[in-house]
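What follows is a short report on a single structure.
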Amino acid sequence: MASTKASAEAKLSEKLPLRAKLGYGTVGLGSIANTMLATWQAFFFTTFCDINIGVAGLIVSIGTIVAAFTAPIWGYISDRMYSTALGRKFGRRRATLLLTAPGQFIFMILQFVPGLPVPVYAVSNLLYWVFNGGYSTVQYVLPSEMSDNSSQRAQLVGINQISTAIASIALATINTALFVVWGDKNWTTYFNLALIYDVFMLVIIIAGIMTIQERPYDPTTDFKEADENTEGEGVGPVKRVALLLWNYVSTFAVKEFRSYLGMYLSEVMFRNVRGAILTYFLVFVLGLTSSQVSLQSGISFAIGIALVAFFIWLNSKIGSSKSYRVGAIEASVVFLLMFVLAHVHEQIGQAATITAWVLLAVALNFGITGVVNATDFAYSFIPDVDEILTGKRREGQYASVNSTIDNIFMAIEKIIITSVLAAGGFVSGAESQPQQVIDLLTNIFCFAPIAFCALGIFFTFRVKLNEENRVVLAAEIARLRDGGSKADVDPETKKLVEELTGFPYEKCWGNNRVVNFSKKLEGGDAPKAEASAA
């Protein structure tokens, strides 16, 4: 046992080569194509394609819906890509990236060609997001896929945040320069920009395929036997669809994942509420305009990148749960100060209000960066818990759950916020709002995020996996992978495994129906409690 633990510790301390880290960073840079769509797609449809704004909005919204429901398919496929010749040749994550490249390239550029029938734009948008779902799934799973080292995973999470921010800054900078050269009144300008970002994304995918690292083919990445009812029995198309749905739902059976989801959803709702109310708060509560606070965006991006580096270090030192609390508490204090500003801005004047707002917005970036970075870092360890339960590496499956829940809750939140504002007396098209609406906007903007921060902090105390017990978990996985008997488990290790998974130890390491609902179990069927959980 001592040698196994030493071996696990050695594996957990292995470092990634710089080439692999930079390769992962290129995947984040590829999001520049998504940013181009988000920024100019609807504008292009309404300006150069003569599409009604309502229809354009419907076409654009399809992307969010499609992304939510295609993610589980990509997660399932990517996890099992070693079952294909393409996967065995390139690797399961590299092969997934390779599959997404042609679709993203073709259906991106079609959306910036005027004169096509409206259904062509709708289908092109839908198919773009179908293929992009595979790309984003791989982007999300790679930190846990590429390394078992906590500090290396923290660096990868930070690299992804930095590269995504750089992509946003680059798009704004490049577009501004090229609008001056080509003009912003011609459809060819937007087509050329889309083509540039499309080609760039294709180059980025190729660079990622050549540089990223992933887990090799071994028993933990081979799902053939796990998907079969009995050895040698194939899986028909009907059962394959059933297994796809089952694997999605069965992730919720893992106790640690449910606790993590509390952190994740609290973070998502905290940021989305702020984003949805921000413009209304600035215009109607503080009496500002976007141009008066435009400096904030540039400063926030620059400071945000520096803060990511800080939280990479902090996560590796104190863990994701404590880092999350640092960010959430700081953000809550800033929102309280914003509440104060909302009540004194008329007394201090507009110039002081602008200065105070910019300072507070930059300060809030510390909390946002901390919460997001800690949440992504915490996610990277969920597949480790799933491995002790199933004996398999299902990174893609968990990434798909994150993506689906993110999009669904984002849509629900927007509906709730707009409904509450409408019920509160919000007047559309007005230059000012009644006092009760101003009070409502202030309270939602300042206190709803604080409530979600508090909820997230609560769930950080339920997330149990830390650096110390990760070594214990890794040692037990290594022992079982080497053929060790579950009967020889150390009592403390058994207790930890049961606490993390929510399953009896005897039902771990594949002796359950988490991957396959028709699996024949050792020692009979699972207890009723386990069956209902899975």
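All values reported here derive from a predicted model rather than from experimental measurement. The chain is numbered in sequence order, starting from 1.
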**Request:** Answer yes or no on whether R325 is positioned over the face of F461, meaning its NZ or CZ is under 6.0 Å from the six-membered ring centre and within 45° of the axis.
**Result:**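 Checked: cation-pi criterion met.
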**Message:** A cation-pi test, strictly: NZ or CZ of R258 under 6.0 Å from the centre of the six-membered ring of Y260 and no more than 45 degrees from its axis. Yes or no?
**Reply:**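 Not flagged: R258 not positioned over aromatic ring of Y260.
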**Asked** Can E498 and K495 be counted as an ion pair, charged N to O under 4.0 angstrom?
**Response**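 No, this pair does not count.
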**Asked** Are the side chain of S250 and the backbone of R513 linked by a donor-acceptor contact shorter than 3.5 Å?
**Response**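 It does not hold such a pair.
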**Request:** Please round to the nearest 0.5 Å and tell me the distance separating atom CG of L496 and atom CZ of R470.
**Result:** 12.0 Å
**Item:** For S151, side chain to side chain contact (heavy atoms under 4.5 Å, CB included) partners two or more places apart
**Value:** N149, S316
**Asked** Pick one: which of I382, V141, V385 meets side-chain contact (heavy atoms from CB on, under 4.5 Å) with Y398?
**Response** I382
**Asked** What residue among N247, T221, T220 forms side-chain hydrogen bond (donor to acceptor under 3.5 Å, both in side chains) with R394?
**Response**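 Testing each of N247, T221, T220 against R394, the sole residue satisfying side-chain hydrogen bond (donor to acceptor under 3.5 Å, both in side chains) is N247.
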**Request:** With E214 as reference, evaluate R393, R94, R93 under the salt bridge (charged side-chain N to carboxylate O under 4.0 Å, His left out) test and give the passing residue.
**Result:**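 Among R393, R94, R93, the one meeting salt bridge (charged side-chain N to carboxylate O under 4.0 Å, His left out) with E214 is R94.
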**Prompt:** Just by distance, with hydrogens left out, do N132 and N34 show a side-chain donor and acceptor under 3.5 Å apart?
**Reply:** yes
**Asked** Do Y264 and N402 meet the criterion of a side-chain donor-acceptor pair at a distance under 3.5 Å?
**Response**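 On atom types as modelled, these side chains do not qualify, holding no pair under 3.5 Å.
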**Message:** Could you check whether F445 and F339 have their ring centres less than 6.0 Å apart?
**Reply:**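 Not close enough - the centres of the two rings lie 6.0 Å or further apart.
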**Message:** Measuring only between side-chain heavy atoms, which start at C-beta, is W509 closer than 4.5 Å to I477?
**Reply:** yes
Hey, can you pull the donor-acceptor pairs under 3.5 Å for the side chains in residues 16-29, sequence neighbours left out?
residue, atom, partner, partner atom, Å
R19, NH2, M210, O, 2.8
K21, NZ, Q152, OE1, 3.1
K21, NZ, Q155, OE1, 2.8
Y24, OH, Q139, O, 2.8
T26, OG1, G23, O, 2.4

